[in-house]
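In each ligand, atom 1 is the first atom listed, and ligand 1 is the first ligand listed.
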Amino acid sequence: MVVGTAVMMRANSLVRAERLSPGLDLPLNPSGAVGGDCSPKKNFVFVINPKGANGKTGKEWKKIQPYLREMLSRNCNMHELSTTGPFHAAEITRDAIREGADAVIAVGGDGTLNEVVNGFFEAGKPVSLYGPETGRSTALGLIPMGTGSDFIRTFGWRNDPREAIERIAKGTRSRIDVGVVSGGSGEPRYFINVASLHLSGKAAFYASKYKRFGNLCYVFGALRAFYGHRDQNLRIKVDDGDWELFEKITTICIGNAKFYGGGMKITPAASPTSGDLQVVIFQEFKWYDFLFKLHKLYNGSHISERNVFVKSVQGIQVAVEGSIDGVYVESDGEHVGFLPRRFSVMPSSLEMFV
Ligand SMILES: Nc1ncnc2c1ncn2[C@@H]1O[C@H](COP(=O)(O)OP(=O)(O)OP(=O)(O)O)[C@@H](O)[C@H]1O
């Protein structure tokens with residue numbers, strides 16, 4: 001994979017500086033200086049999903065090139081890599097970090113951001129080239145160009161690539177939390193925004209199939225998910241507490257950030273810098289509740305409804321009670337399997353341009 005990435009980097013680099021080490025694909029020396037120049041030019045890797053937002057991301061990316069160069073090329077070597085399919089962004093990210101990238105920038109929607117975040121981890125641990133003693137780490141960046149682009153709403157950022165480039169050029173970094181979904185077979189899945197299960201998990205599964213309709217995909221996904229939906233009794237264990245039975249659960253949302261589904265403020269107290277996750281449990285929510293209380297989902301006031309239960313947690317485990325059909329689980333809008341699962345937080349585990 002390293003070789004594959006190297007080939008793509010050579011093909012796609014916007015700016016190539018002289019390579020110092022034949023073993024590395026990024027032009028780094030240990031001090032971070034490039035090409036013998038005293039100025040510490042940084043290596044930024046841009047991971048672009050050309051198919052994001054029904055192909056709009058690829059087109060927007062081309063249009064923004066002159067501004068990107070103007071803002072960043074003086075201080076950065078910019079390496080552009082396009083994804084070829086689902087989860088390629090995570091592989092590119094892992095390779096880039098191991099090759100010494102100073103930043104990996106996701107260009108696309110929340111799905112692409114999620115895959116890049118997943119590339120920052122492997123086997124439950126951060127991927128890193130540098131030890132903690134060096135004080136160096138690879139930063140995460142985001143140029144939002146997706147359908148929903150919900151993550152940026154928590155920070156009050158606009159869905160504007162120029163503003164995002166300015167943020168990256170300014171270079172202010174902040175440590176943020178990352179959520180983990182574990183308990184399935186294989187690697188844990190990491191989330192930066194919101195994970196959810198049952199009705200909402202199923203809605204995300206179907207919404208991803210209707211992306212060609214833009215933001216309406218969330219409405220169509222929800223309508224499809226309601227078809228055949230039944231509330232379920234689930235067993236829940238919060239942090240080190242005991243297992244408890246929760247009856248007639250419609251959906252559970254677990255937020256590291258506040259918004260999902262194209263702008264619903266679903267976990268309104270969640271913050272990626274809080275060190276915990278906000279869990280919102282909906283019990284016996286009928287289709288007409290969602291219809292008549294839709295405005296509350298968008299402004300966050302649904303949490304004061306009598307059948308909505310809210311809690312801040314470090315970790316929560318959820319399992320089915322009895323034998324029922326698969327309960328869907330999604331993280332950052334991507335289907336990741338079925339219950340049982342554990343959701344937990346890794347506080348301050350990523351550095352991000354903010
Ligand atoms: N080259 C590719 N071809 C097809 N699909 C891809 C490719 N690269 C990435 N993907 C998939 O596209 C999915 C959606 O991408 P992305 O999140 O960028 O856009 P979006 O779905 O329009 O935006 P949002 O997630 O904000 O609603 C990702 O989950 C990813 O797996």
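- The nearest protein atom to atom 21 (O) of ligand 1, hydrogens excluded, is given as Lys211 NZ, 2.9 Å; this is a heavy-atom distance.
- Note that Lys202 lies outside the cation-pi zone of Tyr206, set by a 6.0 Å cut-off to the ring centre and a 45° limit from the axis.
- Residue contacts with ligand 1 include Tyr218, since one of its heavy atoms falls under 4.0 Å from the ligand.
- Proximity to Gly108 (heavy-atom distance under 4.0 Å) selects the following atoms of ligand 1: 18 (O).
- Ranking the protein heavy atoms by distance from atom 22 (O) of ligand 1 puts Thr147 OG1, 2.4 Å first.
- Atom CH2 of Trp243 is surrounded by more than 12 heavy atoms from other residues, nucleotides or ligands within 6.0 Å.
- The shortest contact between atom 17 (O) of ligand 1 and any protein heavy atom is with Gly111 N, 2.7 Å.
- Numbered from 1 in the order shown, with element, the atoms of ligand 1 that lie under 4.0 Å from a heavy atom of Gly52 read 18 (O), 19 (O), 22 (O).
- Of all the atoms in ligand 1, the ones that sit under 4.0 Å from a non-hydrogen atom of Thr112 are 15 (O), 16 (P), 17 (O), 18 (O).
- Here Asn114 has no heavy atoms under 4.0 Å from ligand 1, in either its backbone or its side chain.
- Judged by distance alone, the side chains of Thr250 and Asp231 do bring a donor and an acceptor atom under 3.5 Å apart.
- The contact set between ligand 1 and Glu115, taken as ligand atoms under 4.0 Å from a residue heavy atom, comprises 28 (C), 29 (O), 30 (C), 31 (O).
- Listed by number with element, the atoms of ligand 1 under 4.0 Å from a non-hydrogen atom of Pro86 are 31 (O).
- Ring to ring, His79 and Phe44 are not that close: their centroids are 6.0 angstrom or more apart.
- Within ligand 1, the atoms closer than 4.0 Å to a non-hydrogen atom of Gly109 are 16 (P), 17 (O), 18 (O), 19 (O), 23 (O), 24 (P), 25 (O), 26 (O), numbered from 1 in the order shown.
- Once rounded to the nearest 0.5 Å, the distance linking OG of Ser331 with CG of Asn114 reads 4.5 Å.
- For Phe282 and Phe246, the gap between ring centers reaches or exceeds 6.0 Å.
- Heavy atoms of Gly333 stay at 4.0 angstrom or farther from ligand 1.
- Considering only non-hydrogen protein atoms, atom 3 (N) of ligand 1 sits nearest to Lys51 CG, 3.2 Å.
- For atom 10 (N) of ligand 1, the nearest non-hydrogen atom of the protein is Asn49 ND2, 3.6 Å.
- Side-chain contact annotation: Tyr260 with Glu330, donor-acceptor N/O pair under 3.5 Å absent.
- Note that CD of Gln232 is 12.0 Å distant from CD of Glu247, once rounded to the nearest 0.5 Å.
- Checking Gln278 against Ser312 by side-chain atom types alone, no donor-acceptor pair falls below 3.5 Å.
- Contacts with ligand 1 closer than 4.0 Å are made by no heavy atom of His88, backbone or side chain.
- Aromatic pair Phe151/Trp157: centroids not less than 6.0 angstrom apart.
- Of all protein heavy atoms, the one lying nearest to atom 29 (O) of ligand 1 is Glu334 OE1, 3.0 Å.
- Using a 4.0 Å cut-off to heavy atoms of Thr83, the atoms of ligand 1 that qualify are 1 (N), 7 (C), 8 (N), 9 (C).
- Within the 4.5 Å cutoff, the side chain of Leu339 has heavy atoms near those of the Val329 side chain.
- Near Ser149, the atoms of ligand 1 lying under 4.0 angstrom from a non-hydrogen atom of the residue are 26 (O).
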